[in-house]
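Hydrogens, waters and symmetry mates play no part in the numbers below; they use all other heavy atoms, side chains included. First the proteins, then the strands, lettered A, B, ... as listed; each starts at 1.
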There are 2 protein chains.
Amino acid sequence: MRLAIGQLNIQPGVPRENLKSALEFLKQAQEQGASLLTLPEMALPGYLLGDLWERPSFIKEVMMAQSELIAASSCGVTIAFGGLGLDPSRKGEDGRIRKYIAFYLAQNGQLVGPQNGPYAFSLKTLLPNYREFDDSRHFCDNRRLALEEHCPVEHLLSPHIIELEGQKISLGPMLCEDGWADDYNIKPSEILTQKGAQLLINLSSSPFTRGKNDKRDRVFGAQAKLHQAPLIYCNAVGLQNNGKTIYTFDGDSTIYNTKGVRCLQLPLFESQCRVVELENILCENVETPQNSIETIRQALHAGTSGFLKQINMDRVIIGASGGIDSAVVAALYADILPPDQLVLVNMPSRFNTATTKNAAADLARQLNCLYASVSIEESLKLTLQQLDGLSLNNHSGNQSHSLKLSGFVCENIQARDRSGRILAAIAAAFGGGFTCNANKSETCVGYSTLYGDHAGFLANIADLWKGQVYELAEHLNQRAGRELIPRSIIEVKPSAELSEQQNPELGQGDPFCYPYHDALFRSWVEDWNRKSPEEILESHMAGQLHQLLQIDNHIIEEHFKDRQSFILDLERWWKCYSGMGLAKRIQAPPILAISRRAFGFDHREAQCAVMFTQAYEKLKRQYLGA
Amino acid sequence: MRLAIGQLNIQPGVPRENLKSALEFLKQAQEQGASLLTLPEMALPGYLLGDLWERPSFIKEVMMAQSELIAASSCGVTIAFGGLGLDPSRKGEDGRIRKYIAFYLAQNGQLVGPQNGPYAFSLKTLLPNYREFDDSRHFCDNRRLALEEHCPVEHLLSPHIIELEGQKISLGPMLCEDGWADDYNIKPSEILTQKGAQLLINLSSSPFTRGKNDKRDRVFGAQAKLHQAPLIYCNAVGLQNNGKTIYTFDGDSTIYNTKGVRCLQLPLFESQCRVVELENILCENVETPQNSIETIRQALHAGTSGFLKQINMDRVIIGASGGIDSAVVAALYADILPPDQLVLVNMPSRFNTATTKNAAADLARQLNCLYASVSIEESLKLTLQQLDGLSLNNHSGNQSHSLKLSGFVCENIQARDRSGRILAAIAAAFGGGFTCNANKSETCVGYSTLYGDHAGFLANIADLWKGQVYELAEHLNQRAGRELIPRSIIEVKPSAELSEQQNPELGQGDPFCYPYHDALFRSWVEDWNRKSPEEILESHMAGQLHQLLQIDNHIIEEHFKDRQSFILDLERWWKCYSGMGLAKRIQAPPILAISRRAFGFDHREAQCAVMFTQAYEKLKRQYLGA
């Protein structure tokens, strides 16, 4: 069978544009003699759309586009595409029109339905409701329908039998999560192959997550092998979002043969319609070299450039402190924008050292982008003049308060002056946006200033721990074959340089011991069984914390001089993470997700009182011998 | 039967504190001779907790507290409480330990389970996954379990039979959404009463939404009447949140008798344990006088004061422009904080009129709170000096750009200077937070400046349309019996006063015709079938737009001088709503929800390209005769 895998770049919420891209793929498939074209899940509407599904005019627009695509199958190429399924005669559990995530098979301008089931399309059976997924919010599935129809789910799930190239073939319809059935008690691939499916087709809109493709190879490969049916995985590329969190879709469309190995791989993050002779490639074995940091770079590149396109922005302003985070952000943008559409701005005060000021200028030189230096010294002086000693009075005259601006207050004034005053104004005047350069470690504990360095139109490295930022910096230099990011930036002690006590030239700087704190924070956020001070202290007391955190023991031993300091540090950062850090994240810019747990819509958080469990309190008493 | 309804104030995420409150209620119930105490859904953990459910140490803490509560029932009072149900032998669909929203009945220190079912507790049958609800994200329900057990749902849902005051009674266990079954094909109250339940108990954690209690009277009353079983509705009070959106829980616990009417009502927004002789009150008929704007005021009061407590803040700074929004916000806070912990700051530039400057000072006088005036004139001058004409150059010297600060750019500089520089610094120095005074109309279309008037620690009137803000202002004055909010503030034309063209003394101001735009924006956000320009134009062309928007026709007719201006206005605001407005909402402060669709976690939004449907484009061509 001559098969076209359509790894479509989906523009969320714009059915007409996606229809155009799909028809372009259809043309390519036809020209190359394919008999079947596959397109991803929710190919025309897009998948992550928030509550756009509740807008009737959008639903109409989607259905019109889907009708056109179905009609286009009269060209002789059969189309298997993921889309929106509607049943106007029933309601969803939100009371609105019944919606399904549907698998459509269109041939000669008509739908070819499954063997059984009430509709001319197949339904997604497993709806994910974790991480960034909210499928049950808008959609009904085979399982709900089975309850309604008082029948087993198995009755509603069956292959589509179709003639392709003169031969009948039984196709097993699957949609994304249907292939990730490990935690469900229904296994769609098993049901479908038992019913005779010879070829499993999984249409997906699966966001990129570090390490996910390796897991998919295991999980999907095992299904193809177990059921002795090749499995076509057709994924989307592009960028979709949930407001707070931005996801890239990495494509990586694949065919798994009955040995359970990949026999085809489409490129990561690239729109492509690939035509293959299925029988010819089934015995191939495609190696998929993994270069973790390069894949992350690709995801960041695809996500950042995709987001710029999405919001129609082509000029970017970066506050360049001479530190590592802004340097990596600048290097990423320099790979996307022409140098005259990228501006680096250094904004020194008396606390900034020559080392970092020179490094910022040097970075701009390396990137050959636009550069300016704007001092915040005068503005800080003015603010102090206006506010330090300012008298707040009530009308009765019996209440009065004289403001006193402490050193800490002045630190934050500087940070806000840089972003809220200078960068925002330059961005507006230059017709662009300014970036948020926060990394995940800072974002986790709110080590940043709201409306200051926490601000920006996109936080594209806020899902990278500090250690990953350094790794990426080295990788970017290696890739460029030169010091794109000056060595001085990589070597200087990270510091906010907001006070005399934060002089990196004297080795002063941020209050983190990164290998330890990165690992500690990661255990709170990314660990499957998310850790809290209770597990950390318990493990530390058992001498196993280095194993739990997967770091060298000497890092922990050297960092803490005594038990008290271990506890102080742990409680300090836990309070920051679940207190002010959370409050700041609520107002953070959109974060580009690459990890298996990104802040925002993926890692959902409610502002609660900071809490230490009773078990922790008990351990602590024991540990401190109190 | 002597019954205690425990309308508990739940602190989300702090089981120990909630246990204390529950035990206090238990003591009251015991002292007053009650045989049964009801407590709300998820009484000890709290209900809206984000992904806290994924933290094992929290789960342990919850289970420990629940065990203590169960043990406490040995005091002779039986306790029906909502809580977390666990099954360590099974997994949830997220792969983590199986969790249920459970109905517990504890007597003599032991659980009394339902007649059927695998557990010593009952499960929630209907899990809401709309608006702010995400129940399926963390919890399994009776329906999933039925699929797993290959049995009808009905098998898993049955009454708890228990002896109270020497008599056997069959109690029907329901949890919140179980009573809102209209859009589901399973009706828990029907199943339970068919199985002999004599008394239905609905334990809820139901957030306040304007108009919801009236609907509940209809829906719950109808069930009690239809099944001839009294229905006890026990709801929580307090404040819970999803990060972006803050919800108040209004209590309003109720008993519906078999005539389907309320025979008891607990107060709104107040923690209370009410003991009643059930038989004695069943023939009562409690009128529930509705005063919509007063109920909204109560919700805002409860939400604002609850949030301050939640984040441990007791000093508040408000930028007082002399306009209506900041005045209403100030009046709300003045009702919560002592006047010496509330600061109003007026921050004039040359564009601010005497009218508004005087009004701001007058407002502070009325509230007798602290006040200061800080000019932004010099700072604006400094920013212009530094940035207007600033040269951006690259190192090669072949690229250069000279910045030009337009009038519009200067408007936003002023707004950011006020919030990001002055208010933020005063707040930090005064040890408090500054408020965001944005209303829903502005928030909808992003008529505000990011890091400027869009900033703050809480946006407590951002779920009120501009018309509602005025209504509330009048109500606050009426309630105070004096001009708490000076008349000049209510009468002045709303204006940002950021340029010479925005002089309210000359009748210039914001580009809204509020009765029309409030109604238009509301139809996009709050209408059940959410409108878009397609429906608006269609309705307008049919001469029915005033009906659709429920406003006087002359408002529309007078506002638009011709067809072109109608289209221009419609498209302008639609682009703002789905473009920059959305981008700004992503970084907005938490919003206190009162409507049936609040921005944030309730009205979820993805940043997509601004889209007009094909049907709209066609209508527009027709309308404009192009």
Given that the side chain runs from C-beta out, which part of A:Ile422 has a heavy atom under 4.5 Å from chain B: side chain, backbone, both or neither? both

Segment of A:Asp134 engaging chain B (4.5 angstrom heavy-atom cut-off): side chain

Given heavy-atom pairs under 4.5 angstrom as the criterion, report whether the side chain, backbone, both or neither of B:Leu387 touches chain A. side chain

Does A:Arg137 make a cation-pi contact with A:Phe139, if we ask for NZ or CZ under 6.0 Å from the ring centre and within 45° of the axis? no

Taking A:Asn241 for the side chain and B:Gln607 for the main chain, is one N or O donor matched with an acceptor at less than 3.5 Å? yes

Under a 4.5 Å heavy-atom cut-off, does chain B meet the side chain of A:Thr245, its backbone, both or neither? neither

Highest number of heavy-atom pairs under 4.5 Å with chain B among A:Ala425, A:Gly579, A:Gly452 belongs to A:Ala425

Just do the side-chain hydrogen bond (donor to acceptor under 3.5 Å, both in side chains) check on A:Glu535 and A:Ser532 with the steps written out, would you? CA-CA 6 Å; A:Glu535 291 90 348; A:Ser532 72; 2.8 Å; yes

Honestly, the part of A:Arg144 sitting under 4.5 Å from a heavy atom of chain B is side chain

Of the backbone (N, CA, C, O) and the side chain (C-beta and beyond), which part of A:Leu48 lies under 4.5 Å from a heavy atom of chain B, both, or neither? backbone

Could you look at A:Glu534 and say if it's the side chain, the backbone, both or neither that has a heavy atom under 4.5 Å from chain B? side chain

At a heavy-atom separation under 4.5 Å, does B:Phe307 approach chain A through its side chain, its backbone, both, or neither? side chain

Under 4.5 Å from a heavy atom of chain B, the part of A:Lys60 involved: side chain

For A:His138 and A:Asp51, test the side chains for any donor-to-acceptor distance below 3.5 angstrom and give the result as yes or no. yes

Can you tell which part of B:Ala424 gets under 4.5 Å to a heavy atom of chain A, answering side chain, backbone, both or neither? both

Can you confirm whether the side chains of A:Ser396 and A:Gln399 place a donor and an acceptor under 3.5 Å from each other? no

Test B:His401 against every option in B:Asn394, B:Asn393, B:Leu392 by the side chain to side chain contact (heavy atoms under 4.5 Å, CB included) rule and name the one that passes. B:Leu392

With a 4.0 Å cut-off on N to O distance, would you call B:Glu605 and B:Lys244 a salt bridge? no

Heavy-atom proximity to chain A below 4.5 Å, by part of B:Met64: side chain

Does the Lys NZ or Arg CZ of B:Arg315 fall within the cation-pi geometry relative to B:Phe430 - under 6.0 Å from the ring centre and within 45° of the axis? yes

Taking atom types as modelled, find out whether B:Ser136 and A:Asn129 have a side-chain donor-acceptor pair closer than 3.5 angstrom. no

At a heavy-atom separation under 4.5 Å, does A:Ser406 approach chain B through its side chain, its backbone, both, or neither? neither

Just give me the residue among A:Asn368, A:Asn242, A:Leu403 that pairs up with chain B most often, heavy atom to heavy atom, under 4.5 Å. A:Asn368

Report which part of B:Ser419 has an atom under 4.5 Å of a heavy atom belonging to chain A: side chain, backbone, both, or neither. neither

Where does B:Trp528 contact chain A at under 4.5 Å (heavy atoms): side chain, backbone, both or neither? both

Side chain, backbone, both or neither: which part of A:Glu148 has a heavy atom under 4.5 Å from chain B? both

The interface call for B:Val343 against chain A, heavy-atom contacts under 4.5 Å, is side chain

Regarding B:Arg90 and B:Glu149, does a basic nitrogen lie under 4.0 Å from an acidic carboxylate oxygen? yes

If you compare all heavy atoms of B:Ala429 against all heavy atoms of A:Lys404, which two are closest, and at what distance to 0.1 Å? CB-O, 3.6 Å

Whether A:Phe58 and A:Trp53 hold their rings parallel, tilted or perpendicular, with breakpoints at 30° and 60°: perpendicular

Under a 4.5 Å heavy-atom cut-off, does chain B meet the side chain of A:Asn412, its backbone, both or neither? neither

Let me confirm one number: the CE-CZ distance from A:Met611 to B:Arg16, rounded to the nearest 0.5 Å. 6.5 Å

With a 4.5 Å cut-off on heavy-atom pairs, point out which of B:Cys369, B:Ser391, B:Pro15 contacts chain A the most. B:Cys369

Among A:Arg585, A:Gln366, A:Glu378, A:Gln310, which residue forms the greatest number of heavy-atom pairs with chain B at distances under 4.5 Å? A:Gln310

Which bit of B:Asp602 is near chain A, if near means a heavy-atom gap under 4.5 Å: side chain, backbone, both or neither? backbone

Strictly below 4.0 Å, N to O, side chains only: are A:Asp527 and A:Arg597 in salt-bridge contact? no

Just by distance, with hydrogens left out, do B:Glu177 and B:Tyr130 show a side-chain donor and acceptor under 3.5 Å apart? yes

Taking side chain as everything from C-beta outward and backbone as N, CA, C, O, which of these in B:Tyr371 sits under 4.5 Å from a heavy atom of chain A? Side chain, backbone, both or neither. both

Among A:Ala364, A:Ala609, A:Ala372, A:Ala588, which residue forms the greatest number of heavy-atom pairs with chain B at distances under 4.5 Å? A:Ala588

Structural part of A:Leu390 lying under 4.5 Å from a heavy atom of chain B: side chain

Which bit of B:Val610 is near chain A, if near means a heavy-atom gap under 4.5 Å: side chain, backbone, both or neither? neither

Less than 4.5 Å to any heavy atom of chain A: does that hold for the side chain of B:Glu54, its backbone, both, or neither? both

Is there a donor-acceptor contact under 3.5 Å from the side chain of B:Gln587 to the main chain of A:Gly456? yes

Interface moiety of A:Pro339 toward chain B, non-hydrogen atoms closer than 4.5 Å: neither

Residue among A:Gly600, A:Ala428, A:Pro152, A:Ala455 with most heavy-atom pairs under 4.5 Å to chain B: A:Ala455

Interface moiety of A:Ile413 toward chain B, non-hydrogen atoms closer than 4.5 Å: side chain

Which answer fits A:Leu49, side chain, backbone, both or neither, if we ask what part of it has an atom under 4.5 Å from a heavy atom of chain B? both

A:Trp524 vs A:Ile536 side-chain heavy atoms within contact, under 4.5 Å: yes

Expected output: side-chain B:Arg421 to main-chain B:Ile376 donor-acceptor under 3.5 Å: no

Most contact-rich option vs chain B, by heavy-atom pairs under 4.5 angstrom, among A:Arg131, A:Glu17, A:Lys91, A:Lys309, is A:Arg131

